[in-house]
Each structure stands twice: as C-alpha cells, then as structure tokens.
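Here the structure comes first, spelled out in structure tokens, and everything after it is commentary.
Remember, it's 1-based here, ligands and their atoms both numbered in the order they're listed. It should be emphasised that the depicted structure is a prediction, and the values quoted were computed from it without experimental measurement.
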Amino acid sequence: MGEMTVVQPSRHNSQFSQSGRPTSPRHRRWWRPRLKVRLHGGDGEIGGNCVELRSGKDIVILDIGRPLTAPRNAVVPLPPIRGLETGRNPHLHGVVISHGHQDHWGLIPQVHRNVPRFIGKPTAQILRVAEFWGTGIDLHETGHLEHLVPLSLGPFTVTPYLIDHSAFDAYALLVECRGERVFYTGDFRAHGRKSRLVERLISDPPADIDYLICEGTHVSASVDTGAADEDDARSANEIVSCASEDEVEDQLTELLTDADGLVVVLCSPQNIDRIVSVYRACLRSDRDMAVDLYGSQVLAAAGQETIPIPSAQWPRVLTYVTGVQRRRVRRASAFDMTRTARAHRIFPEQLMTRERPLVLAGSFSSEISALLAMPEVKISAVVWSMWEGYLSEPSGQRLASLLESHGVPLVHAHTSGHAGLADLSRLITAMQPTRLIPIHTEHPDLLHQLGTS
Ligand SMILES: [Zn+2]
C-alpha cells in the first residue's frame, strides 16, 4: 500500500486581495469545508489505486484496487475509512470504479454490501462473466457510469469521461463538491482505438480544476516515448513494442498475410481493443478468427453492436474451446456455456480445413502444447500480444522454450494501455490544475516535473 498523502490546493496570492478576501466567485468558498484528497494506494506504486475524497464528514472513494505487488493469496487490509468494512457510515456515499482492471477494484469483495458501488455497465457485465474463469467478480453494483452523465453522491457530483485504455469501458472522473473540482484520470492512453476521446478532452478540458490526480505509469528516467508496458504492469521500464493500436493491427496484418498456417495470438480477452485489432487484421489478410470460450463470453458481455462476437451477424468469428476450458466446464457442470457456443464453435479437426486460414486469438497459452501435438496442425507463428514482463515469468519461459524446440517463431505485437510522456504532458498542460497529484507511478517526482515544465 502506498503511503498516505494529505494535500490541499495551494492558494496563490494573486487570487486574494490585500485583505485576504477572495477576489473572484470561484474562490469565495473559504467558509466551506475544504476538500481533502488521500491516496490510500497508487502513491509511488503502479496499481492498487484508491483515492479518498473527503469534504467535512462526507466521503467518496475512487477505485479500490489490489496492489499488483501483493502475493496471490495475501490478505490486503482495506484502507482505514470508516464504514467500508461495516457499511455503517451514512457519510460514505460510495465507491466509484474507473475500469475493470483488478488493480482498480480488487479489494471490493471486502467492502460491505451496503456501501454503494458504481462502474460502467459493459465492465460490470464483463467482470460477471469473467468470475467463472477466475478473472472477474459480480460487483452487485448500485448503478452505472455513463459518458458525461453526472451522478450525485451526497454532496459530490461525479461526471464520468469515457477514455482510451486497454480495458474496455474505462472512465476518467470529474468530481465536484461544494465548489471544488477534482479530475481523476484513472488509467488512460491516447494511442488506442478511442484516442479521439482523449484529444477531445485535451482540446476542451473541464475548467477550474483544483486537483488533477493523474496516472504516470510510463514516467521514468529511462523511457521517453509512448508504449512501454502492460495495463497491469509491474515496471515502467519494459520493452517498447508498437507506438499505437493501429500499428499493432498493421504488424499483425503483415504477419498474417505472409503466414500460410495457423497463427495464434496470445492476448487478454478483456483487452477488447486488441481482439478488434486482430479481427481487422484477419479481414485485411483474408483469414477468419476464433476466440476462446472465455473470450467469446467477454465479447458478448460488452454488449456493443460494433464488437465482433461469434454469431450469425459475424460469420467470420468462431469459438474454440481449449482443453483447460473444457475441463473447467465439465467440473462445474456448466454445460449451458458450451451449448450456447455450439452454433459457432470450431473443433480441433477443423482448424486446418477451412476455406480461409484461421487465427486463434485470446487465452490460448495453455493450448499451445496440445496444438503442437496435433499432426495435422501447422502453426506458422505464435504472437505475444501482452506485456513483455509475463514472458520472463516461469510459465512464459516454458512457453518460449517449447516453441523454440518446435521451431515455431514467437513474435511480439503489443502496445501499452498507458499514456506516453508527451500525452501526459499535453493533458496536464491543457487542464492547468492548481495542484497535480501523481498516481499509478513509481516516479511521482518526475510527473511533478513534467507538470511544471
Ligand atoms: Zn488499467
């Protein structure tokens, strides 16, 4: 957990007359309780975001993440905020979750059910289907965030701004309370499929921001460009792959056009932008795409007409159920899942017999050895389309050496879920906050420098 920080906006002398009285309506509020911002997580660390906003007794919480450094089975205590655990604080008006990454919601199972919680509807649906696969949760949310639709929580007004990030349906949050304004970026980037949302925010930012709580994943002495790590990265010093999601699509298109056999793209199905990039590359290279069962469910749960899902409307998208998934379904007797997938399912013996060659995209790491063992299947390449750091973990090492022993190339095609320095700087400059509060960064001091330079 990050060290607790309490800050208040500085009062520039120019905002006050000689007598010390406020000179503009914006600053005529000194008799009101001051808004306090506390970072309970994400302060000097990447992940585990938790921001407490307090005005008098009234509290709202932005994100309640689990630190990425916490071991899998470790119990992480809740932040010391009255009522979180007991549900008995009428002044605790709710927890607002910016997006579906666990380092932003991971402690919610410990929060009392009486505490209201809010999140985007597609995200809530995605996390619900992901629960079965161990990567999500049913949040039992109180309400949903919608782009630019204000939400009243006690004296707080929270306005979500849909933003570009590797998690689908991610929001930045404008919070207003008794005349003070906080803007929390959540996690964002400006080089993905929703970059225009960030450009719009930069060209027309909310005015009079007292506090800008800004992510700074990529702020590092050694990285001076955009993409460097995964959305749930442990370090900001990783290999740069592609500068943008468009570049990932172009790289995949080239690879798929040149390959003649099966290509497997390993990526997180919850990174829907990436699945869309693979799909577009398939269209451009005259291939069909099959996603794993979990991936199919995630795509359907997003509930968007523009997202390809295995269905009659998207005949070039299919479902492939991996061995691990088949066993999991059987153990849980969750046969409705495979029944639902049946109409657009593809089986191992069909992998090489289709009119158009196939791409498998999603959670296929566990399936690689089975695919390599099928004599009729020829794998042209496996694409690592995730954070590079996972490859140095034991499972990644095993995969790399397995592919090497079979002479199958392991290709990298990835771009980060987080903004590069230039985009961070543009946002901070556009917003001109009274006070900048770095979050989700190992180098808050450097983000401060970026804000003042
Ligand atoms: Zn994230």
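Annotation: angle subtended at the Zn ion (ligand 1) by H101 ND1 and H165 NE2 is 90°, to 10°.
By the 30° and 60° cut-offs, the orientation of the rings of F364 relative to Y320 is tilted.
By the salt bridge (Lys or Arg N to Asp or Glu O under 4.0 Å) test, D58 is found to be paired with R178, residues two or more places apart in sequence or in another chain being considered.
Side-chain atoms of E388 and H412 form a donor-acceptor pair, as typed in the model, at a separation below 3.5 Å.
With a cut-off of 2.8 Å, the Zn ion (ligand 1) has no N, O or S atom of D103 in range. With 2.8 Å as the limit, H99 counts as an N, O or S neighbour of the Zn ion (ligand 1).
When the N, O or S atoms of D187 are ranked by distance to the Zn ion (ligand 1), OD2 comes first.
Within the structure, every pair that satisfies the side-chain hydrogen bond (donor to acceptor under 3.5 Å, both in side chains) test and touches residues 105-119, not counting sequence neighbours, is listed here: R113-H140.
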